[in-house]
Amino acid sequence: MPIPEKDKSFYRYTKGHRFAAMYPLLAREIVDKYGLTEGTCLDIGTGSAALVIELSKITDLEITALDAEPEAIYMAGENCTLHGVPDGRIRFVTAPVEELPLPDESVDLILSRGAIPFWDDLPSAFREIFRVLAPGGNAMVGCGFSHLQTLEDVKAMRPVWPPDVLAERTRWKKGGLVEDALRQLGVNTYNITDDDYGTWVEIYKPGRM
Ligand SMILES: C[S@@+](CC[C@H](N)C(=O)[O-])C[C@H]1O[C@@H](n2cnc3c(N)ncnc32)[C@H](O)[C@@H]1O
């Protein structure tokens, strides 16, 4: 589905983007948290690619940015040019999370910010995420901001949704849907955190013995 004109500003990673101050801090937080500056990284539902543009500036990670929407991928390419990210530094892929066109156990760090509310089939999404995650790798999937921001900044950035949109955007967190999806897959090496900064599902795939 093409991106509606009214939503396009969210896909342009300019200084005026409403989360512009957040992405560099979230990228820094992720690098500090997982201690990973090389290896492979996949960003699912990359949108503007803002998070991986920032990661590309501070790491040597081999980054793949994936989105189901071809127009998002096109705009993400434009954002790379705007930020001086060299051609080919980030590999772009158009595909849905439910059918990741990547080999088994090939990604050391999987990220996905703000895309899970739009996934219709959580069991398939998490099956694919766990399939491509390398042994010893981590996935961080959810919605939120950076703990390196102040709570005041987060409150000022957080969108205020009408009640029906809020219900739709937070449906994935309710009724144990994520826990059920992971249980079905036999994945028990996960942690779900929920605080004033956001809600994240972190999955670890045990390394080979
Ligand atoms: C709210 S945007 C978040 C973009 C970006 N990750 C960020 O934090 O700014 C959600 C993105 O997820 C993508 N998306 C939604 N459903 C998807 C799916 N099933 N597979 C892959 N991408 C999907 C959308 O096209 C959109 O670009």
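Being a predicted model, the structure only gives us computed values, none of them experimental. Atoms within a ligand are numbered from 1 in the order they appear, just like the ligands themselves.
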Do [X] and [Y] pair up side chain to side chain, a donor and an acceptor below 3.5 Å, judged on atom types alone?
X      : Y     : answer
Tyr13  : Glu54 : yes
Ser146 : Glu29 : yes
Ser48  : Asn79 : no

Please state which protein non-hydrogen atom is closest to [atom] and give its distance, to 0.1 Å?
atom                    : answer
atom 23 (C) of ligand 1 : Ala68 CB, 4.0 Å
atom 1 (C) of ligand 1  : Gly114 O, 3.3 Å
atom 19 (N) of ligand 1 : Glu98 OE1, 3.3 Å
atom 15 (C) of ligand 1 : Phe118 CB, 3.6 Å
atom 20 (N) of ligand 1 : Val97 N, 3.0 Å
atom 26 (C) of ligand 1 : Tyr11 OH, 3.3 Å
atom 4 (C) of ligand 1  : Gly45 O, 3.4 Å
atom 8 (O) of ligand 1  : Arg113 NH1, 2.7 Å

Between Glu105 and Arg131, is there a side-chain N and carboxylate O pair less than 4.0 Å apart? no
Shortest heavy-atom approach to atom 24 (C) of ligand 1 - which of Val52, Asp67, Asp121: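 Looking at heavy atoms only, Asp67 sits closest to atom 24 (C) of ligand 1.
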Run down the list Phe10, Trp119, Tyr23, Tyr13 and name the one with the heavy atom closest to atom 2 (S) of ligand 1.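 The residue whose heavy atom sits nearest atom 2 (S) of ligand 1 is Phe10.
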Could you give the distance from CG (Asp32) to CD1 (Ile58), rounded to the nearest 0.5 Å?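 Those atoms lie 7.5 Å apart.
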Could you give all pairs that pass the salt bridge (Lys or Arg N to Asp or Glu O under 4.0 Å) test and reach residues 151-168, with sequence neighbours left out? Glu168-Arg171
Do the non-hydrogen side-chain atoms of Glu78 and Arg12 ever get within less than 4.5 Å of each other?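 No. Closest side-chain heavy atoms not under 4.5 Å.
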ILVMFWY network linking Val97 to Val187, side-chain heavy atoms under 4.5 angstrom: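 As far as the 4.5 Å side-chain criterion goes, Val187 and Val97 are connected within one cluster.
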Are Val141 and Met22 in one and the same hydrophobic cluster, where Ile, Leu, Val, Met, Phe, Trp and Tyr link if side-chain heavy atoms are under 4.5 Å apart? no
Heavy-atom contacts under 4.0 Å between Ala95 and ligand 1: side chain, backbone, both, or neither? backbone
Ligand 1-proximal atoms of Thr46, by part, heavy-atom distance under 4.0 Å: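 The answer is the backbone.
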Heavy-atom contacts with Glu69 under 4.0 Å: which atoms of ligand 1 show up? List them by number with element.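 Atoms satisfying the 4.0 Å criterion: 25 (O).
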Sub-4.0 Å heavy-atom approach of Phe19 to ligand 1: no
